[in-house]
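Inspection log for the structure reproduced underneath, given as structure tokens.
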Amino acid sequence: MARKEKRGRTGKASYFVPSASGKYVYNGPLYSPDEQDITAKQANVRRMVFGIGTTFLSAVCGFLPVPGMSNTFYVIIPYALALIFAAVSLYKAGRIAYWGGESLREYVYNTTVVRLPWLLPLCSLFAVLSAAGEALYLILNGINKAELPFAVIFLFISVAVLALSLIWRRFETALKWNKR
């Protein structure tokens with residue numbers, strides 16, 4: 001019978017063993033970035049810039065008085081999901097930066113580096129769906145000249161979130177990690 005992988009705190013606890021002094025020491029595998037043309041510190045700075053940029057731009061869209069963002073589910077739900085995925089991606093980038101990026105413990109590597117490349121396309125997908133929903137709203141309900149500049153800004157920011165998250169994904173997938 002196959003052994004089920006432990007999750008959560010139980011899974012993390014299996015990596016720690018008691019030392020002679022009575023303290024617990026991490027005894028699991030470590031992951032470190034390959035020797036590349038970029039250092040781990042530079043990678044962390046880029047990662048945080050991408051994360052802050054996508055999250056900030058996604059949040060800015062929520063403050064714009066865009067006509068589709070008032071009681072229109074096909075604009076609000078994709079927008080909210082894009083913002084959530086941007087914030088979660090920023091959180092994952094922050095965890096990598098917190099641990100230094102030089103060497104990550106296996107449970108940190110599995111929850112950050114492994115999951116980040118599939119979170120970013122979801123962020124971009126929902127940013128595009130939100131922009132498409134706003135465009136659909138403008139087509140169905142007409143364009144008010146007073147709201148048009150905000151709608152155009154919303155669409156451009158959504159495209160910027162798409163571009164940033166896809167560039168960030170390309171950056172993350174280009175980094176190679178070694179198990180030690």
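Listed here is the closest heavy atom pair of Val114 and Asn110: CB-O, 3.6 Å. Nearest heavy-atom pair, Leu57 versus Ala160, reported as atom, atom and distance to 0.1 Å: CD1-CB, 4.0 Å. Annotation for Ser124 and Leu166: closest pair OG-CD2, 3.7 Å, computed over non-hydrogen atoms. Closest approach of Val25 and Ser19 over heavy atoms only: CG2-CB, 3.8 Å. Looking at every heavy atom in both residues, Ser58 comes nearest to Leu83 through CB-CD1, 3.7 Å. Of all non-hydrogen atoms in Val161 and Cys123, the two that sit nearest each other are CG1-SG, 4.0 Å.
Checked by atom type and distance alone, the side chain of Thr55 never pairs as donor or acceptor with a backbone atom of Ile52 at under 3.5 Å. In this structure, the side chain of Ser130 does not engage the main chain of Pro78 through any donor-acceptor pair within 3.5 Å. A side-chain donor-acceptor contact under 3.5 Å links Lys92 to the backbone of Thr111. Using a distance-only test at 3.5 Å, with no hydrogens or angles considered, no donor-acceptor pair links the side chain of Lys23 to the main chain of Ala20. Side chain of Arg169 to backbone of Pro117: a donor-acceptor contact under 3.5 angstrom is found. Without hydrogens or angle criteria, Thr72 side chain to Val75 main chain gives no donor-acceptor distance under 3.5 Å.
A heavy-atom distance below 4.5 Å is found between the side chains of Met69 and Val66. For the pair Arg180/Pro29, no side-chain contact is recorded, criterion being any heavy-atom separation below 4.5 Å from C-beta on. You'll find the side chain of Tyr24 stays beyond 4.5 Å of the side chain of Val17, heavy atoms only. Arg47 places a side-chain heavy atom less than 4.5 Å from the side chain of Leu175. Looking at heavy atoms from C-beta onward, Leu138 lies in side-chain contact with Pro67 at the 4.5 angstrom threshold. Within the 4.5 Å cutoff, side-chain heavy atoms of Ser89 are placed close to those of Leu116. Contact of the Val113 side chain with the Leu104 side chain is registered, since non-hydrogen atoms from C-beta on lie closer than 4.5 Å.
For Phe16, the ring-ring contact (aromatic ring centres under 6.0 Å, His included) partners at least two apart in sequence or on another chain are Tyr26. Taking Asp34 as the reference, Asn178 meet the side chain to side chain donor-acceptor pair (under 3.5 Å) condition, with sequence neighbours excluded. Val60 pairs by the side chain to side chain contact (heavy atoms under 4.5 Å, CB included) definition with Phe56, Ile157, not counting sequence neighbours. Legend: residues meeting salt bridge (Lys or Arg N to Asp or Glu O under 4.0 Å) with Lys179, ordered by chain and number and at least two apart, are Glu106.
No path of Ile, Leu, Val, Met, Phe, Trp and Tyr side chains, each step under 4.5 Å between heavy atoms, connects Val159 with Leu120, placing them in separate hydrophobic clusters. If you chain together hydrophobic residues whose side chains sit under 4.5 Å apart, Leu136 and Leu162 never meet in one group. Under the 4.5 Å side-chain heavy-atom criterion for Ile, Leu, Val, Met, Phe, Trp and Tyr, Val128 and Leu155 are members of distinct hydrophobic clusters. Under the 4.5 Å side-chain heavy-atom criterion for Ile, Leu, Val, Met, Phe, Trp and Tyr, Phe50 and Met48 are members of distinct hydrophobic clusters. Each of Leu90 and Val88 belongs to its own hydrophobic cluster when Ile, Leu, Val, Met, Phe, Trp and Tyr are linked at side-chain heavy-atom distances under 4.5 angstrom.
The distance from atom CD1 of Ile167 to atom CD of Glu172, rounded to the nearest 0.5 Å, is 13.0 Å. With rounding to the nearest 0.5 angstrom, the CH2 atom of Trp177 is 8.5 Å from the OG atom of Ser103. Remark: Asn71 CG to Ile76 CD1 distance equals 6.0 Å, nearest 0.5 Å. For the atom pair Tyr91 OH and Ile96 CD1, the distance stands at 11.5 Å (nearest 0.5 Å).
Sorted by first and then second residue, the salt bridge (Lys or Arg N to Asp or Glu O under 4.0 Å) pairs involving residues 132-151 (not counting sequence neighbours) form an empty list. Screening residues 60-88 for ring-ring contact (aromatic ring centres under 6.0 Å, His included) gives Phe85-Phe126 as the qualifying pairs, with residues at least two apart or on separate chains.
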- Message: For Asn144 and Leu148: C-alpha separation, side-chain torsions, deciding distance, then whether side chain to side chain contact (heavy atoms under 4.5 Å, CB included) applies.
- Response: CA-CA 6 Å; Asn144 184 355; Leu148 181 63; over 6 Å; no
- Query: Run the side chain to side chain contact (heavy atoms under 4.5 Å, CB included) check on Val45 and Gln42 step by step: do they pass?
  - Reply: CA-CA 5 Å; Val45 168; Gln42 291 171 335; 5.6 Å; no
- Start with the C-alpha gap between Ile38 and Phe171, add the side-chain angles, then the distance that decides, and say whether side chain to side chain contact (heavy atoms under 4.5 Å, CB included) holds. CA-CA 11 Å; Ile38 186 171; Phe171 169 73; 3.9 Å; yes
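No more than 12 heavy-atom neighbours from other residues, nucleotides or ligands sit within 6.0 angstrom of CZ on Arg46.
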